[in-house]
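Worksheet for the structure shown next.
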Amino acid sequence: MDGPEVRMDIATVCLSGTLDDKLAAASGAGFHGVEIFENDLVVSPWTPREIRRRCADLGLSIDLYQPFRDLEAVPPDVFAANLRRAGRKFDVMEQLGADTMLVCSSVSPDAVDDDDLAAEQLHELASRAAGRGIRIAYEALAWGRFVNTYEHSWRIVRKAGHPSLGLCLDSFHVLSRGSGITGIKVIPGAKIFFLQLADAPRLRMDVLQWSRHHRLFPGQGAFDLSAFLGAVAATGYAGPLSLEVFNDVFRQSDPVHTAVDAMRSLLVLREATARRGPERMRVAGLPVVPPSDGYAFVELTAPDPAEVLAALGFVYIGQHESRPAHLWQQGDARIVVRSDADVRIGALGVATPDPHAAARRAKRLLAPALSDLDYDDPAVRAPDGVGIVFCRPEGDWMADFTPPDPALVTTCGITGIDHVSLTAPFDDFDQIALFYRAALGLEAEPETEFAAPFGLIRSRSSADAGRRIRIALNVAALRRGDWAPAVREPQHIAFTSDDVVASAKAMRELGARLLDIPGNYYDDLAARFDLPAGRLASLREYSVLYDRDEHGEFLHFYTHMVGSRMFFEVVQRIDGYAGYGVANSPVRMAAHRQFRLSHE
Ligand SMILES: O=C(O)c1ccc(O)c(O)c1
Ligand SMILES: [Mg+2]
């Protein structure tokens, strides 16, 4: 039996705009409640009563008022002033209908290192709060002057021993300090008054700066939030799961999008947590991801790529019976071409045994559905605009194409699709990466950064367990000034071949425009790897690049640009090489630049 509904909240500080923008966005994304940040209230033209009414109209409860700072362990005169300040805030909370106030551990120069005094003063505050029907949630900031771990805040709360005083646990403060989570299990759930969830990338920097600028939604960073939430759930905590993310980019982004990304991240976190135990976290109506059978096809939009595809050895199969979509194939690599002035990846056809369940999952994760006028199979749109079409592996979706020629040739040795490489605007990178992982059940692979001719590129790939669906995401880490070319990072489709050198040779014979790699690269390769001379010579002759990891070797080559931001790659993975040849990306980028220069 399902327990009571898990409440999902968001702090107003996560979202851009003024309070009305934030509340509308939170409600629109399906949140149940909010934490109201004092600043958002102070600058609002609405009275607290009007805010309460507005929230009620939007179906939002106000579950926390925050933050109250620098209350405890201070001299009597300072404490008296703090109590007066708290009294005023209780007035506001009463009008808001908010029953829990967050008190952050002190950073004040007035504070002393005295747990007894802190407990006594928090007890006094809690007594006054209790008289107003209010509870106090005490939160250890990771940079608190004397209290900066949850274990310490719990000792003080226990010592104070007041029923209206409990803890606020915030995953950032706990995990940023590397505190273990076992200590959470000894806290009675009823004494955890509030739970804040935030992820963050692993950065070596001052913890306050890290917290105020770089927090991310769960699943977008490096913290193990499902272990954290699992530990909190095990205490019996039954309050809201509330996202509290301070992030410079989100503060400037469309709050409607941010709120949707936030909700998706919370749903995925609940699913991951439920998998580790607490059934209560399970998300109703979110089917598990069925294992994928790889790419059924990739849809390419282009004005007329026939010449390019033919030169790569693709064979034209035919046109869809009712739509202007054209199928090209070589081995198991299928490209569906839709005519469009812009050359880009329009959609990914993902083969799955249960397309409807997969689409239901993506929609439950807030992806908009695509019209069945555009695709025969259930399809959704990813946040970067790319369609995801879920189809059965046996290829029902191809029924509308003229049956392929049984003697389908594989002129150039392409056997299938290895990966697609998409690009995201820097500001949306983490959200888009999380979307693909969540919707398609992919695991994040390590993030890398490399220096390209026109700036640093951040690259993160994900793949499913069977390594059938691989998606690489690349983004320029920074875009400043107007020297660097204004073209967005290109997308590409990478095909597999069992003999990349032979494929390159065959494609060159068909007139394919493959990228020439400079000799310096091969001289450097010879220095880095002890490759047999004959092998090195054939790599050099056909401009095939090389990489190696702890598993095996990787051989690959690229085409010229098709349009302004699309190219193709052919790859050969030997002995389970797991990467993407990222080390060679700057060489490719310089070569594409060289080609542009000589043709502009
Ligand atoms: O950065 C801060 O001051 C701050 C305030 C309130 C919080 O809940 C928090 O985690 C941090
Ligand atoms: Mg917090």
Side-chain angles (χ1 to χ4, degrees), residues 8-15 22 26 33-43 62-72 82 85-86 89 92-93 98 100-109 111 122 125 135-154 156-157 165-179 181 184 187 192-200 203 205-218 221 223 225 228-229 232 237 239-251 262 265-266 269:
M8 294 184 286
D9 284 15
I10 188 165
T12 54
V13 74
C14 301
L15 301 168
K22 295 172 187 235
V34 288
E35 299 176 29
I36 291 198
F37 243 71
E38 188 161 86
N39 278 355
D40 287 316
L41 177 129
V42 171
V43 304
I62 302 175
D63 294 326
L64 191 79
Y65 183 74
Q66 77 135 318
F68 193 85
R69 300 182 190 274
D70 296 335
L71 172 102
E72 78 285 18
N82 288 349
R85 181 160 58 93
K89 297 302 168 187
V92 170
M93 290 176 62
T100 307
M101 181 164 90
L102 178 107
V103 173
C104 295
S105 63
S106 183
V107 299
S108 166
L122 282 163
L125 177 75
R135 307 190 308 166
I136 301 296
Y138 183 50
E139 175 186 43
L141 297 178
W143 56 91
R145 180 135 181 248
F146 300 111
V147 179
N148 42 43
T149 65
Y150 73 92
E151 291 99 330
H152 195 174
S153 58
W154 170 231
I156 291 174
V157 164
L165 177 68
L167 284 181
C168 169
L169 289 183
D170 177 325
S171 61
F172 179 88
H173 298 300
V174 175
L175 301 174
S176 62
R177 297 185 53 105
S179 302
I181 55 171
I184 294 175
I187 306 171
I192 302 174
F193 283 3
F194 206 75
L195 177 63
Q196 295 175 321
L197 297 166
D199 203 340
L203 298 170
M205 67 188 300
D206 172 69
V207 71
L208 184 146
Q209 298 297 331
W210 188 14
S211 175
R212 295 251 172 102
H213 301 279
H214 302 284
R215 288 191 185 202
L216 293 169
F217 292 115
F223 293 160
L225 278 174
F228 176 83
L229 179 54
V232 175
Y237 172 77
L241 313 183
S242 188
L243 298 169
E244 192 204 37
V245 170
F246 306 82
N247 179 292
D248 295 350
V249 172
F250 301 164
R251 280 184 193 275
S265 122
L266 196 45
L269 171 62

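Counting convention: from 1, in listed order, for ligands and their atoms alike.
- Here is the list of ligand 1 atoms found below 4.0 Å of a heavy atom in E139: 6 (C), 7 (C), 8 (O), 9 (C), 10 (O).
- With hydrogens and angles left out, the side-chain atoms of S108 and D70 include no donor and acceptor closer than 3.5 Å.
- Looking at L141 against ligand 1, only its side chain comes within 4.0 Å, counting heavy atoms.
- Atom OG in S171 sits 7.5 Å away from atom CG in L195 (nearest 0.5 Å).
- Closest protein heavy atom to atom 8 (O) of ligand 1: E244 OE2, 2.5 Å.
- Put simply, the side chain of V157 does not reach to within 4.5 Å of the side chain of F193, judged on heavy atoms.
- As for E244, its N/O/S atom nearest the Mg ion (ligand 2) is the one called OE1.
- Between L165 and L125 the shortest side-chain heavy-atom distance does not fall below 4.5 Å.
- The name of the N, O or S atom in D170 nearest to the Mg ion (ligand 2) is OD2.
- Using a 4.5 Å cut-off on side-chain heavy atoms (C-beta onward), S179 and H173 make no contact.
- When each atom of ligand 1 is checked for a heavy atom of R69 under 4.0 Å away, the hits are 2 (C), 3 (O), 5 (C).
- When ring centroids are compared, F217 and F250 come within the 6.0 Å threshold.
- Nearest protein heavy-atom neighbour of atom 10 (O) of ligand 1: H173 NE2, 2.7 Å.
- Residue-level proximity to ligand 1 for C104 is carried by the side chain, the only part with a heavy atom below 4.0 angstrom.
- Of the heavy atoms in W143, only side-chain atoms (C-beta onward) come closer than 4.0 Å to ligand 1.
- Judged by distance alone, the side chains of E244 and Q66 do bring a donor and an acceptor atom under 3.5 Å apart.
- Draw a line from the Mg ion (ligand 2) to OE1 of Q196 and another to OE2 of E139, and the angle between them is 80° (to 10°).
- At least one heavy atom of R215 sits closer than 4.0 Å to an atom of ligand 1.
- The protein atom (non-hydrogen) at minimum distance from atom 1 (O) of ligand 1 is R212 NE, 2.6 Å.
- At distances below 3.5 Å, not a single donor-acceptor pair connects side-chain atoms of R212 with backbone N or O atoms of F246.
- Of all protein heavy atoms, the one lying nearest to atom 6 (C) of ligand 1 is Q66 OE1, 3.0 Å.
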Could you go step by step and tell me if S176 and W210 meet the side chain to side chain contact (heavy atoms under 4.5 Å, CB included) rule? CA-CA 9 Å; S176 62; W210 188 14; 3.6 Å; yes
Verify side chain to side chain contact (heavy atoms under 4.5 Å, CB included) between L243 and D9, making sure each step is shown before the conclusion. CA-CA 6 Å; L243 298 169; D9 284 15; over 6 Å; no
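- The shell of residues lying under 4.0 angstrom from ligand 1, judged by heavy atoms, includes F246.
- Close approach of ligand 1 to Q196 (heavy-atom distance below 4.0 Å) involves ligand atoms 8 (O).
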